[in-house]
Amino acid sequence: MAERVYFDWNATTPLRPQARQALQDALALTGNPSSVHAEGRAARYLIEHAREAVAALVGGPPAGVIFTSSGTEANVLALSPAIETAGEKRPRDRLFMSAIEHPSVRAGGRFPRDAIEDIAVDADGRVKLAALADALRRASRPLVSIMLANNETGVVQPVAEAAAIVHAAGGLLHVDAVQAAGRIPCDLAAFGADLLTVSAHKIGGPKGVGALVRASDEIHFPDPLIRGGGQERGMRAGTENVAGIAAFGAAAAAAGRQLADEAADMLAVRNLLEEGLGAISPQAVIFGASAARLPNTTLFALDGVNAETAIIALDLEGVAVSSGAACSSGKVQPSHVLGAMGVSPSLLRGAVRVSLGWTTTQDDVACFLGAWRKVSGALSKSSKEQRGIAA
Ligand code: PLP
């Protein structure tokens, strides 16, 4: 196969070497972490060591970490009306979420549909804090979920400001930091949030491991999604994915250590990419361009160019990118994120997401730009021909 360039890091990242090593080492162990003998204790040590690394990456206490099977599971666990804080057992009556959350939050966890309300975003894709404050007046014990950075646009949300508003209204704030962790500083305590979700495979760990991090171990879920043994302080039963968790910890430690350097490198490469894109397609719109964004994400569209067709054409050129639209079961749905930002339907259909990572080079960007020049030229021409405009 010809050499390919991978620009879909927001979908998933390659394993970091440290995570691969930790995975292999852990697979060589036999013990069950719940066993008291030496074999069991060796497995337990790996989990507790990883717990510390994951907590350190996101500024939470190690005792607050609940390991799960994914970011999705952590989000669903977090969104529970039964959540207890410091022995306070009255259920949460309403769930508020930004209109641009990931589908695993949009599904609402265990809240009934009619107890869920959306908070609007502005044209740059940033949650409207005034709308949040206004909405919270309609609830007595709200739970709020706002992501730290959006997976499609990369736009960073004002979660610290949101936390102050939510707490003033007697609420709790959950932050989905799946895309932000390891790419921008992420500090649960500094944000003043109560719960935070992180996923291993977006930071160089393996797929199928995540964590819900609580600001304090006084936050408790009496209604675990999986009941059984007392693992994860009774909040997530099942023998732990020891190797996956150990690799998650190794990825978190490496991501935290290298964050400043990697973020600066990613930003330099991303800026190059956006400059090149602007030179080839001056009419291209970069969504959220005037807002603070993750250093690795560019979501753009060119009027008249269909994203699905562009992605297939780029794939044939050896370039892996994704559409701004959610694709599940092979069916591309219009992006709810761009819809919430008020983007016109014709642009919305053309949104292409280019996301890069710590190994992306200037040569990779040159490959992308070469492919884009070819593909966009051909697609714009055929789109004009279809519309009967002389190309
Ligand atoms: N939250 C956000 C913002 C995401 O981008 C994703 C995955 O793309 C998830 C949650 C789900 O994480 P996982 O793939 O670990 O289930």
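Each ligand, and each atom within it, is numbered from 1 in the order the structure gives. Heavy atoms only: backbone and side chains are in, while hydrogens, waters and symmetry mates are out.
Looking at Ser199, Gly210, Gly205, it is Ser199 that brings a heavy atom closest to atom 15 (O) of ligand 1. For atom 10 (C) of ligand 1, the candidate residues are Thr12, Asn10, Asp176; the nearest heavy-atom contact is made by Asp176.
Looking only at heavy atoms of the protein, atom 14 (O) of ligand 1 is closest to His201 NE2, 2.8 Å. Nearest non-hydrogen protein atom to atom 5 (O) of ligand 1 is Gln179 NE2, 2.8 Å. Counting only heavy atoms of the protein, atom 16 (O) of ligand 1 lies nearest to Thr72 OG1, 2.6 Å. Taking atom 4 (C) of ligand 1 as the reference point, the nearest protein heavy-atom neighbour is His102 CD2, 3.2 Å.
Remark: Arg90 engages Glu88 in a salt bridge, criterion side-chain N to carboxylate O under 4.0 Å. A salt bridge is defined here as a Lys NZ or Arg NE, NH1 or NH2 lying under 4.0 Å from an Asp or Glu carboxylate O, and Arg51 with Glu240 fails to meet this definition. Of the charged side-chain nitrogens involved, at least one lies within less than 4.0 Å of a carboxylate oxygen, so that Asp134 and Arg137 count as a salt-bridged pair.
Heavy-atom separations between Lys207 and ligand 1 are all 4.0 Å or longer. Taking 4.0 Å as the cut-off, Lys202 counts as a neighbour of ligand 1 on heavy-atom distance.
Counting heavy atoms from C-beta on, the side chains of Thr197 and Val175 never come closer than 4.5 Å.
With a heavy-atom cut-off of 4.0 Å, Ser104 touches ligand 1 through its side chain alone. Looking at Val178 against ligand 1, only its side chain comes within 4.0 Å, counting heavy atoms.
Interface atoms of ligand 1 facing Ser70, defined by a heavy-atom separation under 4.0 Å, are 15 (O), 16 (O). Within ligand 1, counting atoms from 1 as listed, the ones closer than 4.0 Å to a heavy atom of Asn151 are 3 (C), 5 (O). Counting atoms of ligand 1 from 1 in the listed order, those under 4.0 Å from a heavy atom of Asn75 are 1 (N), 10 (C). Ligand-side atoms of ligand 1 in range of Met147: 3 (C), range being under 4.0 angstrom from any heavy atom.
A donor atom on one side chain and an acceptor atom on the other are found under 3.5 Å apart for Arg183 and Asn10. No side-chain donor-acceptor contact under 3.5 Å links His102 and Asn150. Defined by atom type and a distance below 3.5 Å, a donor-acceptor pair is present between the side-chain atoms of Gln21 and Asp25. Ser355 and Asn296 share no side-chain donor-acceptor pair at under 3.5 Å.
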Fill in: From CA spacing to verdict: ring-ring contact (aromatic ring centres under 6.0 Å, His included), Phe368, Phe7
CA-CA 9 Å; Phe368 167 78; Phe7 277 102; 5.7 Å; yes
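Within the 3.5 Å criterion, the main-chain N or O of Arg353 finds no donor-acceptor partner in the side chain of Ser322.
Residue contacts with ligand 1: Gly71 is placed with a nitrogen or oxygen under 3.5 Å of a nitrogen or oxygen of the ligand (distance criterion only).
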